[in-house]
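Here is the structure we will look at.
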Amino acid sequence: MMQFLAENLMKAAYKTKRFLTLLVVDMPKNHKISSISSKSSIWGGRFSSGPSQLMNDINASISYDRRLYRQDIAGSKAHASMLAACEIISQEDCEAIHSGLNQITTEIEAGQFVFSEALEDIHMNIENRLFQLIGEPAQRLHTARSRNDQVATDFKLWVRELLEAIDQALADLQAALLDKAEAHAEVVMPGFTHLQTAQPITFGFHLMAYVEMLGRDRGRFTDAKVRLNESPLGAAALAGTSFPIDRHMTANSLGFDRPSANAMDAVSDRDFALEFLSAAAICSVHLSRFAEELVIWSSDQFGFITLSDAFTTGSSIMPQKRNPDAAELVRAKPGRIIGALNGLLIVLKGLPLAYSKDMQEDKEGVFNAADALGIALAATTGMVRDMKPQPDAMLAALKTGFPTATDLADYMVRELGMPFREAHHASGIIVATAATKGLGLEDIDLKDLQAIEPRIKPDIIGLLSVTNSAAARTSFGGTAPDEVRTQIAHARHRFTIG
Ligand code: ARG
């Protein structure tokens, strides 16, 4: 069942374009990992024997940081070109390094690369293979660089691509909501406060609330990208380097706005990961609130929408069931994402400058949160595109709960000049009378209304219908269909959605 759901989600994700190709398929699946323990050829100079297997097990990050391979190779190419331009290595060595790194990309993407746990992480795995391929020039690549600035650079590049992919996925979801809102701008449904019937609203209006929330989410991810975009490369271990490097050149070629101003900050900063996780946590909470509404709306008791077969599952025992599993899983994803944010905040709290190995714990949470948010966004977009509103059920739900009681009070204020508090009280008495008679407000006799407030005139008839109530709320940002159509047009423009 889960396998089936996962496949459906993946299909929907592909339909909703690039997102998962970047987030989930950013590492070929058929990689191999060997775990032979031996003295490290990269840092083993002062050691006489190799680390214990347990040391390797706790130390190695290759099982997950191999997802950084593209960024690591891009960073190394930029660094090698800069070293050559600054005449720190020869042009021939630089070319050998580039062609070796190209070969490694091919091997990784073909699933032929053998990742080694003994080589700890993606940086040393790639450097070691480069040495096997091109020999001595590989050993010059790490001049004026440390794994500390290298990993910060790789991880920033990865998170930057992620932020771009999320922005696109959020725009796709906004587009789906806008289309649905436009198609159903006239459909009237109950609006709730305390999950009790409050006032009639339109379905399009309700969906547009989420377009705004997702717009703010996009703003947070975009802001995070601006602050992230300083290059740590060339900060070296923590103190900079005595080689005449050009940090502006590497920053520029990797698409950063500038090199980070302080080398120690450059290798210690994980704010960019925290900012991604914070924005992701808020976004996932938005998606979770929407998912909960989908669960409620699609229940037999509400029946406001139907979800498609593509995003529901059956029960192994109850043949009649159509469970909104995808919505429930979207509702649950903040558990992981907020957990990842908490986890990284706790790892960094009290950590002295500069790099400590604690910081290696930054990646899994971010990867996990990225995958969770990616699939939640894709599944939500799929559900929105497929869902069908049920206007009859929404209208039927408006038969109870006196949703136009405020319209009645507003009438008495507008037409009879009553102060609102007094009108509120009179309307309350009318509601109580209607409740005793088992009637809705729009069905109550004019005579009965006038018995309570004699100044009420026949022009009240019709005003208390739910459709008129919604149509009357034309204030800026209100629920009237015409106003919602204006909101939709503005939102398409503000969020640059076609
Ligand atoms: N795998 C390490 C990490 O992710 C790379 C940096 C290692 N630096 C060090 N000084 N041991 O953090």
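What you see is a predicted model, and the numbers here were worked out from it, not measured in a lab. All values below were derived from every heavy atom in this structure, side-chain atoms included, with hydrogens, water molecules and symmetry-related copies excluded. Both ligands and their constituent atoms are indexed starting at 1 by order of listing.
- Protein heavy atom in closest approach to atom 6 (C) of ligand 1: Tyr355 OH, 3.4 Å.
- Formation of a donor-acceptor pair under 3.5 Å by the Lys225 side chain with backbone atoms of Leu163 is not found in this model.
- Listed by number with element, the atoms of ligand 1 under 4.0 angstrom from any heavy atom of Ser61 are 1 (N).
- A salt bridge links Asp309 and Arg322; the closest N-O separation between the charged side-chain nitrogens and carboxylate oxygens is under 4.0 Å.
- Across all their heavy atoms, Leu277 and Ala369 have their closest contact at CD2-CB, 3.5 Å.
- Between Asp121 and Lys363 there is no salt bridge, since no side-chain nitrogen of the basic residue lies less than 4.0 Å from a carboxylate oxygen of the acidic one.
- A salt bridge links Lys357 with Glu120: at least one charged nitrogen is closer than 4.0 Å to a carboxylate oxygen.
- Of all the atoms in ligand 1, the ones that sit under 4.0 Å from a non-hydrogen atom of Asp121 are 1 (N), 2 (C), 5 (C).
- Under 4.0 Å from ligand 1, the heavy atoms of Lys363 that appear belong solely to its side chain.
- Between Met124, Gln360, Arg270, Arg147, it is Gln360 that holds the heavy atom closest to atom 2 (C) of ligand 1.
- Not a single N or O atom of His123, backbone or side chain, sits closer than 3.5 Å to an N or O atom of ligand 1.
- With contacts defined as side-chain heavy-atom distances shorter than 4.5 Å, the pair Leu345/Leu348 does not qualify.
- The protein heavy-atom contact nearest to atom 10 (N) of ligand 1 is Asn148 OD1, 3.0 Å.
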